[in-house]
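Notes for the one structure printed next.
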Amino acid sequence: MRLRRDDGSVLAADLVLAAAIVIVVAATASAFGTVAGAVQDDREAARNAAVIAARSGDVVRAETVARSLAPNADVIVKASPD
């Protein structure tokens, strides 16, 4: 059996391609996780603000809590008489 100079080069190319695919999939999963986490933070801030406003009637405190939980979100709390 003779070994040629390029024996094993296909395996090396396949390993490089597999590593690149793993890196792309990991980066995509990380990006989706970051977006999902940001959405969850905004929802939790809105829920907590709504609970504070409903229980205490203090709209200013509710807005303050929502802004502290989601600093980059636009916060608007509206109270209705009923």
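Keep in mind that the numbers below use all heavy atoms, side chains included, and drop hydrogens, waters and symmetry copies.
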Quick one: CZ on R67 to CG on D74, what's the gap to the nearest 0.5 Å? 9.0 Å

I need the minimum non-hydrogen distance between V65 and I52, along with the two atoms involved. CG2-CD1, 3.6 Å

Give the cluster check for V75 versus V59: same hydrophobic cluster or not, with ILVMFWY residues linked at side-chain heavy-atom distances below 4.5 Å. yes

Separation between OG1 (T28) and CD1 (I23), nearest 0.5 Å, reads 11.5 Å

Quick one: does any side-chain atom of S30 pair with a main-chain N or O of A26 as donor and acceptor, under 3.5 Å? no

